[in-house]
Amino acid sequence: MTEGAESPMDDYEEELLLFANESDYDADVDYDYNNDSARDYSGENNIPRAHRELDMQEEEEIHEYPNIQADTAIMEEILREGLVDEIGGVEAYVANEEPEIISGNVVGVIKSDEEIAREERRVYTKYFIGVSACLVFLIVVIGVPVTLKLTHVISPTVVLTDAPTISPTCMPSEAPSSAPTTDHFTQVVEKLLPLSGEVLFDPRTPQHKAARWISDVDQMDMTHPLFEQRYTLAVFYYATNGDDWLTTKGWLTKDSECDWFGIEGLSNCLDGCTSDGEVCGIRMVSGNGINGTIPSEMGVLTELTIFEVKYKSMNKNSTYAPTFLVFPHHSLVQDANLTGTIPSEIGNWNKLSVLLIKDNKLEGSFPATFPPNNRLGTIIMDRNRLTGDSLVGFLPQLKNLKWLQAIGNLLSGSLPDDISSLMKLDEIDLSVNSLTGTIPNNWDETHIISSFNLSYNNITGKLPESLGRAPFLRNFHVSGNSLTGSIPSSYFNLSKLEELYLDDNSFVGGFHKVEALSTRI
């Protein structure tokens, strides 16, 4: 080769480099370009024999490399020798220098503008779909609850009322004579607020139910003098579960409350109402299934002379078995179950003469608001759960008291010495309680007491000697206490004495046996 002549390898090196740059393949193996089997260097200018420019037809036949113009023989050698790697790289050698391998990883793929635009549109389409899905999800999550809440707030309330009657009647009617309005109920509540207070606003309370009844159903004129009385009886009905009574004749109807079941009295109040229509007697006897509380509104009934809610009828001559005395709260099946406390407002019953609330489940102390009451003659409240010392404390103030019976409660305190000032006291039975102290010792021939029972308490001291001078004493029971000493000799002169129970104490000495006298010593 002459100096200055162009080496045939230079052209070949340029062609291979051009081929490598335009290919997508990476070379994994080396190729020996000195091998004549790969190239033929004959010709005047030492141009490779196999090197030609590809025309359009040859480019279509070499479909593996559509965008590369190369020598057909070279391409065949590359394919035959496996000089194309897995990702399209082509091994290439540069003449007179160390071989360099160009990897397909660094060879870019040439794409048309149309392909690039199409890929960008796909990317933007995916992004738009994702954003739209997120917006739809947020609308569903936030919009639906808000819509439901607004629907609940603005939904109108439909109030159904009874059909009005053609014309109003003289007495308050069960069905309204005209459609009730919210304004009317509001006026009723405002009038009753001083009597019942804030409970009127609670739909669950007897007071609210009674106000709703007298406003919407009964529609009694609020200026009527018996408006509060009729409302109070409706409260009593709801407070004692009137819907479950066995007998509800007349209650919450157009009839006068004086004709309702249980509105009846005694002596000068036989019909249960005065001539002015004021209720003077309530008698709910056994068997009607009353359950509930005594509402404080009952204090409105100031003309009341008798209040009776009990299970068993009274029997002045009845005696009680020892098992009852020991277990007072488990001896009877009770169907009248007044619960809660006795409201202090019943102290307004200044004309009350008879209070019978036996065999219930009343608790708490007896209200100290009764005195002064100069008419109360009978108090019967056996077998409740009453506590405290208020009852025995104000007994001397009940000047008309004749009969006091509070068997089987939890009363405490001691009998006051001036209990003997009750000159009309005939019977007193405070057995089975928790009374303490001693028995008062200031009785004389002027007292009419006939029955005295303090059994099963915590009474201490000695038997009162003066009690032996009470001319009408028939029964004297003090069993089950902590009494001491001997039996006074004055007791031997009690000509009317029939029962004398002194057992379960700590007495000494004996007692002269009197014929026809029932004794337990």
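Heavy atoms only: backbone and side chains are in, while hydrogens, waters and symmetry mates are out.
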Distance from Asn337 atom CG to Thr293 atom OG1, nearest 0.5 Å?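 Rounded to the nearest 0.5 Å, the CG-OG1 separation comes out at 12.5 Å.
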Any pair counted as side chain to side chain donor-acceptor pair (under 3.5 Å), so long as it reaches residues 388-398, sequence neighbours left out: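 For residues 388-398: none.
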Closest heavy-atom contact between Asp418 and Pro396?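 Heavy atoms of Asp418 and Pro396 come nearest at OD1-CG, 3.1 Å.
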Salt-bridge present (Glu308, Arg283; N to O < 4.0 Å):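 Salt bridge present between Glu308 and Arg283.
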What do the steps show when you test Ile428 against Leu422 for side-chain contact (heavy atoms from CB on, under 4.5 Å), and what is the final call? CA-CA 11 Å; Ile428 180 170; Leu422 300 176; over 6 Å; no
Is Asp255 reaching over with its side chain to a backbone N or O of Gly250, donor-acceptor style, under 3.5 angstrom?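 It does not hold such a pair.
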Side chain Thr274, main chain Asp276, donor-acceptor under 3.5 Å: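 Indeed, once roles are kept as given, a pair shorter than 3.5 Å links the two residues.
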What I'd like to find out is whether the side chain of Leu473 reaches to under 4.5 Å of the side chain of Leu467, using heavy atoms alone.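 Of all side-chain heavy-atom pairs linking Leu467 with Leu473, at least one is under 4.5 Å.
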State the CD-CD distance between Gln229 and Glu303, to the nearest 0.5 angstrom.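 Gln229 atom CD to Glu303 atom CD measures 9.5 Å (nearest 0.5 Å).
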Look at the side chain of Ser344 and the backbone N and O of Thr369, then say whether any donor-acceptor pair between them is shorter than 3.5 Å.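 Side chain of Ser344 to backbone of Thr369, a donor-acceptor pair under 3.5 Å: no, none is there.
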Given the rule in the side-chain contact (heavy atoms from CB on, under 4.5 Å) test, do Phe227 and Val188 qualify, once you have shown the distances and angles that lead to the verdict? CA-CA 10 Å; Phe227 179 80; Val188 169; 4.1 Å; yes
With no hydrogens and no angle check, is any side-chain donor or acceptor of Asn457 less than 3.5 Å from a backbone partner on Leu430?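 Yes; judged by distance alone, with no hydrogens or angles, the pair exists.
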Give the intermediate values and the outcome of side chain to side chain donor-acceptor pair (under 3.5 Å) for residues Asp504 and Ser479. CA-CA 6 Å; Asp504 198 11; Ser479 301; over 6 Å; no
Would you say Asn505's side chain and Asp503's backbone share a donor-acceptor pair under 3.5 angstrom?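 Indeed, once roles are kept as given, a pair shorter than 3.5 Å links the two residues.
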Measure the shortest side-chain to side-chain distance between Lys358 and Arg383 over non-hydrogen atoms and say whether it is less than 4.5 angstrom.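 Lys358 reaches Arg383 side chain to side chain.
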Would you say Phe476 and Leu494 make side-chain contact, with heavy atoms under 4.5 Å?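 They are not in side-chain contact.
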With the side chain counted from C-beta on, respond yes when Leu404 and Leu398 share a heavy-atom pair under 4.5 Å apart, and no when they do not.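 Side-chain contact under 4.5 Å: no.
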Yes or no on ring pair (Phe, Tyr, Trp, His ring centres under 6.0 Å) for Phe185 and His208, after CA distance, side-chain angles and deciding distance? CA-CA 10 Å; Phe185 177 71; His208 180 93; 5.5 Å; yes
Set of ring-ring contact (aromatic ring centres under 6.0 Å, His included) partners for Phe307, sequence neighbours left out: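 In terms of ring-ring contact (aromatic ring centres under 6.0 Å, His included), with neighbours along the sequence ignored, Phe307 is linked to Trp349.
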Check ion pair Lys402-Asp426 (N to O, under 4.0 angstrom):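 Between Asp426 and Lys402 there is no salt bridge, as every charged N stays at least 4.0 Å from the carboxylate O atoms.
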Would you call Leu391 and Met381 a side-chain contact if the rule is heavy atoms closer than 4.5 Å?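 Side chain of Leu391 against side chain of Met381, heavy atoms only: contact under 4.5 Å found.
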Does anything in residues 224-263 pair up under disulfide bond (SG atoms under 2.5 Å apart), and if so which pairs, sequence neighbours excluded?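 Counting only pairs at least two positions apart or across chains, the disulfide bond (SG atoms under 2.5 Å apart) contacts touching residues 224-263 are Cys258-Cys273.
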Least distance between heavy atoms, Pro295 atom then Pro343 atom: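 Looking at all heavy atoms of both residues, the closest pair is O-CG, 4.0 Å.
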Asn442 backbone acceptor or donor facing Ser466 side chain under 3.5 Å: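 Present.
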Just verifying a value: how many Å separate Asn360 CG and Leu338 CG, rounded to the nearest 0.5 Å?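 Rounded to the nearest 0.5 Å, the CG-CG separation comes out at 4.0 Å.
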Do you know which two heavy atoms are closest between Leu200 and Val189, and how far apart they sit?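 So the two residues come closest at CD1-O, 3.8 Å.
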Any side-chain to backbone donor/acceptor pair from Asp382 onto Ile407? Under 3.5 Å, distance only.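 Here the side-chain-to-backbone pair exists.
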Under 3.5 Å donor-acceptor, Asn409 side chain and Leu411 backbone: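 Checked: no pair found.
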Indicate whether the side chain of Thr436 and that of Asn458 have a donor and an acceptor atom separated by less than 3.5 Å.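 The criterion, which ignores hydrogens and geometry beyond distance, is not satisfied for Asn458 and Thr436.
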Can you name the side chain to side chain contact (heavy atoms under 4.5 Å, CB included) partners of Ala210, sequence neighbours left out?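 Partners of Ala210 by the side chain to side chain contact (heavy atoms under 4.5 Å, CB included) criterion, ordered by chain and then number, come out as Tyr231, Ala234, Val235, Tyr238.
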On a heavy-atom basis, which atom in Ile263 and which in Val279 lie closest, and how many Å separate them?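 Of all heavy-atom pairs spanning Ile263 and Val279, the closest is CG2-CG1, 4.1 Å.
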What pair of heavy atoms forms the shortest contact from Thr253 to Trp260, and how long is it?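 Looking at all heavy atoms of both residues, the closest pair is OG1-NE1, 4.1 Å.
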Do side-chain atoms of Asn433 reach the backbone of Leu410 as a donor and acceptor pair under 3.5 angstrom?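 Yes, Asn433 side chain to Leu410 backbone: donor-acceptor pair under 3.5 Å.
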Polar contact flag, side-chain donor to acceptor under 3.5 angstrom, Thr302-Asn348: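 No - no donor-acceptor pair under 3.5 Å links their side chains.
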How far apart are the C-alpha atoms of Ile282 and Leu301, what are their side-chain angles, what is the distance that settles it, and do they pass the side-chain contact (heavy atoms from CB on, under 4.5 Å) test? CA-CA 10 Å; Ile282 297 178; Leu301 308 178; 3.9 Å; yes
Rounded to the nearest 0.5 Å, how far apart are CG of Leu483 and OG1 of Thr460?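 Those atoms lie 7.5 Å apart.
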Under 6.0 Å from the CZ atom of Arg204, do we count more than 12 heavy atoms belonging to anything else shown?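 Atom CZ in Arg204 is not crowded, with 12 or fewer foreign heavy atoms closer than 6.0 Å.
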Quick one, Thr446 with Asp444, criterion side chain to side chain donor-acceptor pair (under 3.5 Å). Give me CA distance, side-chain angles, the key distance, then yes/no. CA-CA 6 Å; Thr446 62; Asp444 58 32; 2.4 Å; yes
Holding to salt bridge (Lys or Arg N to Asp or Glu O under 4.0 Å), I want the full list of residues that pass it with Glu465, two or more places apart in sequence or in another chain.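 Counting only residues at least two positions away or on another chain, Glu465 forms a salt bridge (Lys or Arg N to Asp or Glu O under 4.0 Å) with Arg469.
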For the residue pair Trp251 and Trp245, does the interplanar ring angle fall in the parallel (under 30°), tilted (30 to 60°) or perpendicular (over 60°) class?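 Perpendicular: the ring planes of Trp251 and Trp245 meet at over 60°.
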Validation row: His447, Leu425 side chains within 4.5 angstrom (heavy atoms):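 No. Closest side-chain heavy atoms not under 4.5 Å.
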Show your reasoning for whether side chain to side chain donor-acceptor pair (under 3.5 Å) applies to Arg474 and Ser450. CA-CA 5 Å; Arg474 301 190 321 270; Ser450 64; 3.2 Å; yes
Distance-minimising heavy-atom pair for Arg230 and Asp218: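 That closest heavy-atom pairing would be NE-OD2, 3.0 Å.
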How many angstroms lie between atom CZ of Phe507 and atom OG1 of Thr484, to the nearest 0.5 angstrom?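 Going from CZ on Phe507 over to OG1 on Thr484, the span is 7.5 Å.
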Under the side-chain hydrogen bond (donor to acceptor under 3.5 Å, both in side chains) rule, collect the residues that match up with Asp243, sequence neighbours excluded.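 For Asp243, the residues satisfying side-chain hydrogen bond (donor to acceptor under 3.5 Å, both in side chains) (neighbours in sequence not counted) are Tyr237.
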Taking atom types as modelled, is there a side-chain donor on Ser431 or Asp429 under 3.5 Å from an acceptor on the other?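 Their side chains do contain a donor-acceptor pair, which is all the 3.5 Å distance test asks for.
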Kindly indicate whether the side chain of Thr387, heavy atoms from C-beta on, has any atom under 4.5 Å from the side chain of Glu363.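 Thr387 does not reach Glu363 side chain to side chain.
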Output the distance between atom CG (Leu356) and atom CD (Gln405), rounded to the nearest 0.5 Å.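 Here the interatomic distance stands at 9.0 Å.
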Flag for Gln207-Glu297: side-chain donor and acceptor within less than 3.5 Å: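 There is such a pair (donor and acceptor under 3.5 Å, judged by atom type) between the side chains of Glu297 and Gln207.
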Side-chain contact test, heavy atoms from C-beta onward, threshold under 4.5 Å: evaluate it for Asn475 versus Glu498 and give yes or no.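 Heavy-atom side-chain distance check passes, below 4.5 Å.
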Applying ring pair (Phe, Tyr, Trp, His ring centres under 6.0 Å) to Phe452 and Trp443, what does each step give before you reach the verdict? CA-CA 12 Å; Phe452 201 163; Trp443 307 92; 5.7 Å; yes
Between Phe201 and Leu193, does the side-chain contact (heavy atoms from CB on, under 4.5 Å) criterion hold? Intermediate values first, please. CA-CA 10 Å; Phe201 299 106; Leu193 268 175; 3.8 Å; yes
